[in-house]
Amino acid sequence: MINFQGYTHKSTVGTLLRGLTLTALAATLGVALPALAANKGAAHAPMADSHAASPRSKMSPAQKKQFEAFQKARSEMMQARGRLSKIQKAAFKAHPELLKQQKSFGDLLSKTMKKNGYDSRKEIAELKSLRSRLQDKKTPQTKKQKLAHQFQAKVIKLNKARGKALQDKKVRKAQQSLQNAVISAMRKQDPDTNKLIAMLQSKQQELLKIRQALLKQMQQSKNKEHAAAKTK
């Protein structure tokens, strides 16, 4: 059974499969929060950090081959994600009762988080403010670094609060019910839904394996360079 972490008709199935993002959570809770430009697609580019640290010109032939495989798998995953997004939107349009069920789940999730001591709407409003300051060209770069750390810390805090709320039996039951309803509606909308979800999961696993292999190779290369430097 696919473990969806939450639902919003504006999010994609790919996002849902990877866990409820800040934007998706905000939408589920009824709070408007545009996605951070800097974070857009970050969940689907797990090699961004390693690529930045090691330009392709410095990659070995094996590393370049892996990076190309990563790019291909990511492209295929994004295509499946795009199709699922369209199916999901069409399913919500064809079944407006899902919006009511989504709102009910969002209210329960928010209420449970608040009961646990986390005011999701207040925190998301603060995250929105931080996002605006981060995207403001007038904000000094040195200030942006501090704001980025604050933003990251708040996102971690939000995810922990969400995770704790999702351990509640009532929340899990509502989540499962919504999951089944959405998937059922998507299957009715397009019979390729199951195949696309399976492809999405497969490509995500493939990307993770490639990233791990590439990082391992890069670390081995660094270790060899350090060892060679010590012998000089």
Side-chain angles (χ1 to χ4, degrees), residues 1-33 35 42-44 46 77-78 80-124 127 155-208:
M1 182 62 67
I2 300 169
N3 181 26
F4 284 78
Q5 298 298 318
Y7 282 97
T8 166
H9 70 291
K10 292 184 179 180
S11 64
T12 65
V13 175
T15 300
L16 298 175
L17 283 168
R18 296 184 63 83
L20 195 60
T21 62
L22 176 62
T23 304
L25 178 60
T28 301
L29 296 176
V31 181
L33 179 62
H44 305 288
M77 185 190 72
M78 294 300 288
R81 180 173 177 258
R83 282 194 62 189
L84 284 168
S85 176
K86 291 180 180 179
I87 296 171
Q88 189 181 37
K89 289 178 181 179
F92 268 91
K93 186 176 181 179
H95 301 274
E97 68 275 8
L98 291 175
L99 291 173
K100 294 181 180 179
Q101 190 172 353
Q102 174 193 344
K103 184 179 184 304
S104 178
F105 171 69
D107 290 343
L108 178 61
L109 181 63
S110 178
K111 181 179 178 180
T112 304
M113 291 169 74
K114 193 167 186 178
K115 183 177 69 175
N116 293 336
Y118 184 89
D119 190 334
S120 57
R121 286 179 170 79
K122 177 184 176 182
E123 293 293 332
I124 289 176
L127 280 166
V155 169
I156 292 173
K157 185 179 178 181
L158 182 149
N159 284 330
K160 286 182 178 179
R162 173 185 60 85
K164 184 177 180 179
L166 288 172
Q167 293 175 13
D168 183 271
K169 290 183 179 180
K170 289 184 179 180
V171 175
R172 285 205 308 270
K173 185 177 180 180
Q175 177 192 32
Q176 186 66 48
S177 177
L178 183 58
Q179 168 184 324
N180 293 339
V182 172
I183 290 297
S184 178
M186 290 176 68
R187 285 170 178 159
K188 291 177 182 178
Q189 196 68 32
D190 192 317
D192 286 341
T193 293
N194 285 353
K195 182 175 70 175
L196 289 167
I197 290 176
M199 181 187 296
L200 195 64
Q201 291 177 309
S202 174
K203 293 304 174 182
Q204 286 171 345
Q205 289 299 316
E206 185 178 345
L207 291 177
L208 180 61

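For the atom pair CG of Leu196 and NZ of Lys86, the computed distance is 11.5 Å after rounding to the nearest 0.5 Å. Here Gln102 contributes atom CD and Leu99 contributes atom CG; the two are 6.0 Å apart, rounded to the nearest 0.5 Å. Atom CE of Met186 and atom CD of Gln189 lie 9.5 Å apart (nearest 0.5 Å). A distance of 11.0 Å separates CG of Leu109 from OG of Ser104, quoted to the nearest 0.5 Å. The distance from atom CD of Gln175 to atom CG of Asn180, rounded to the nearest 0.5 Å, is 10.0 Å.
Between the side chain of Thr193 and the backbone N or O of Asp190, at least one donor-acceptor pair lies under 3.5 Å. In terms of modelled atom types and a separation under 3.5 Å, the side chain of Thr112 and the main chain of Leu108 share a donor-acceptor contact.
Ser85 has its side chain within reach of Lys89: a pair of non-hydrogen atoms, C-beta onward, lies under 4.5 Å apart. For the pair Arg81/Leu84, no side-chain contact is recorded, criterion being any heavy-atom separation below 4.5 Å from C-beta on. Residues Asn116 and Met113 form no side-chain contact, since every pair of their non-hydrogen atoms from C-beta on lies 4.5 Å or further apart. Looking only at side-chain heavy atoms (C-beta outward), Gln201 and Ile197 come within less than 4.5 Å of each other.
Residues satisfying the side-chain hydrogen bond (donor to acceptor under 3.5 Å, both in side chains) test with Glu97, not counting sequence neighbours, are His95. Listed by chain and residue number, Asp119, Glu126 satisfy the side chain to side chain contact (heavy atoms under 4.5 Å, CB included) test with Lys122 (two or more places apart in sequence, or in another chain). Residues satisfying the side-chain hydrogen bond (donor to acceptor under 3.5 Å, both in side chains) criterion with Gln101, sequence neighbours excluded, are Ser177. Looking at residues two or more places apart in sequence or on another chain, you find a side chain to side chain contact (heavy atoms under 4.5 Å, CB included) between Lys157 and Tyr118, Glu123.
Residues in residues 168-187 take part in no salt bridge (charged side-chain N to carboxylate O under 4.0 Å, His left out) pair, two or more places apart or across chains. The salt bridge (charged side-chain N to carboxylate O under 4.0 Å, His left out) pairs that include a residue from residues 193-202 are Asp192-Lys195, where partners are two or more places apart or lie in different chains.
Nearest heavy-atom pair across Phe105 and Leu166 is CZ-CD2, 4.3 Å. When every heavy atom of Val182 is checked against every heavy atom of Leu98, the shortest pair comes out as N-CD2, 4.2 Å.
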